[in-house]
Amino acid sequence: MKTALVTGSTQGIGKAIAARLVKEGYEVIVHCSGDMAKAECVREEIGAQKAAVCDLSDMRQVAALKEKTGDADVLILNASVQYKETWENITDENLQKQLQVNFVSTVKLMQAYCPAMIKNGWGRIITIGSVNQHRQHKELSVYAATKCAVMSFVKNVAKEVAPYGVTVNNVSPGAIATPRNTSVYNDEAARKKVEACIPLGRFGAPEECAGIVAFLSSDEAGYITGADFKADGGMSL
């Protein structure tokens with residue numbers, strides 16, 4: 001049985017991914033930034049194997065995460081932080097936190113978990129990006145830049161590890177009905193404004209991202225690497 005670590009998996013897209021992978025037969029490790037009780041609650045709810053806490057903005061905690069979890073055959077890097085501020089006004093704190101959580105921790109966790117995948121001759125690494133890689137939002141320029149950096153890193157690493165049976169891909173969700181988007185989704189006027197930008201005319205469900213991730217985690221996706229899969233209802237078109 002293969003093991004999968006899903007970062008940021010106590011809510012939203014991450015939780016849907018973790019639940020789907022449990023159903024697919026993986027031993028899943030649920031991750032939360034700081035609330036072990038919440039992580040354990042979700043672990044029990046979805047039937048996952050283990051729960052772990054790690055603040056991805058703290059590089060000391062990031063360095064220690066693998067000791068808590070052990071090796072993983074599948075690494076889903078879903079956790080991120082997002083601050084809506086214009087590029088002129090973004091604070092140093094919010095700039096650094098987005099860089100650390102969204103990009104730097106991605107690099108460090110891939111460095112930590114990939115060697116065992118290479119040794120075993122099989123592995124799946126999937127990063128969760130954003131539709132903002134492909135379109136502009138005046139209050140998300142830094143967030144988008146971190147996601148673009150991750151995608152560039154994905155392509156480079158994918159080429160390096162492909163000979164060892166390890167694939168590295170990215171999934172870019174659009175407007176998804178998650179806790180991060182609750183304020184917009186529950187405001188009818190704001191929701192309709194966003195939906196007007198989506199050719200399919202609606203917000204997506206977290207499960208509509210989880211299915212793509214489950215496929216990319218499988219043996220069936222063994223010939224796909226360095227790719228970016230948009231789950232955005234056409235929002236980036």
Side-chain angles (χ1 to χ4, degrees), residues 2-9 13-14 17-18 21 26 28-29 31 52 54 56-82 96-134 142-173 209-210 212-231 236:
K2 291 182 171 64
T3 299
L5 168 61
V6 185
T7 66
S9 47
I13 294 171
I17 292 170
L21 292 180
Y26 295 83
V28 173
I29 304 165
H31 161 265
C54 174
L56 297 181
S57 69
D58 183 338
M59 290 303 106
R60 291 172 299 180
Q61 291 191 40
V62 171
L65 181 59
K66 187 173 175 293
E67 294 180 15
K68 298 179 181 179
T69 66
D71 294 334
D73 302 292
V74 178
L75 177 63
I76 313 295
L77 297 168
N78 165 76
S80 70
V81 293
Q82 179 190 94
Q96 289 301 321
K97 191 162 185 180
Q98 287 180 105
L99 287 170
Q100 292 289 338
V101 174
N102 301 354
F103 179 64
V104 177
S105 76
T106 294
V107 175
K108 301 306 291 184
L109 291 176
M110 287 171 68
Q111 287 176 334
Y113 288 92
C114 197
M117 298 179 188
I118 290 173
K119 183 179 179 180
N120 293 334
W122 195 98
R124 300 286 185 264
I125 300 172
I126 301 154
T127 57
I128 305 302
S130 170
V131 67
N132 292 292
Q133 292 168 223
H134 308 285
V142 170
Y143 174 76
T146 65
K147 294 298 187 176
C148 288
V150 168
M151 187 63 232
S152 178
F153 191 67
V154 162
K155 290 180 179 179
N156 278 278
V157 176
K159 189 172 183 179
E160 295 294 321
V161 301
Y164 305 99
V166 180
T167 66
V168 190
N169 292 291
N170 184 74
V171 175
S172 295
C209 299
I212 299 170
V213 174
F215 169 66
L216 291 173
S217 301
S218 71
D219 286 326
E220 294 176 305
Y223 204 57
I224 301 170
T225 197
D228 179 28
F229 288 77
K230 301 173 188 175
S236 58

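Hydrogens, waters and symmetry mates play no part in the numbers below; they use all other heavy atoms, side chains included.
- When each of V131, D228, I128, T127 is paired with S172, the side-chain contact (heavy atoms from CB on, under 4.5 Å) condition holds for D228 and for no other.
- Neither side chain, T146 nor Q98, offers a donor N or O lying under 3.5 Å from an acceptor on the other.
- For the residue pair K97 / Q100, no side-chain donor-acceptor distance below 3.5 Å is found, with atom types taken as modelled.
- In this structure the side chain of V150 never reaches within 4.5 angstrom of the side chain of L77, judged on heavy atoms.
- The distance from atom CG of L21 to atom CG of L5, rounded to the nearest 0.5 Å, is 10.5 Å.
- What you find for A52 and T69 is that their closest heavy atoms are CB-CG2, 4.0 Å.
- A distance of 15.5 Å separates OH of Y113 from CD1 of I118, quoted to the nearest 0.5 Å.
- Within a 6.0 Å sphere centred on OH of Y164, heavy atoms belonging to other residues, nucleotides or ligands number 12 at most.
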Next on the checklist: side-chain contact (heavy atoms from CB on, under 4.5 Å) for D71 and K66? Distances and angles first, verdict last.
Outcome noted: CA-CA 7 Å; D71 294 334; K66 187 173 175 293; 2.8 Å; yes
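- Put simply, the side chain of I126 reaches to within 4.5 Å of the side chain of S217, judged on heavy atoms.
- Atom OH of residue Y143 and atom OG of residue S80 lie 4.0 Å apart, to the nearest 0.5 angstrom.
- No side-chain donor from either of N132 and Q82 sits under 3.5 Å from a side-chain acceptor of the other.
- At least one side-chain heavy atom of I224 sits under 4.5 Å from a side-chain heavy atom of L216.
- If you run side-chain contact (heavy atoms from CB on, under 4.5 Å) between T7 and each of L109, I76, T106, only L109 comes through.
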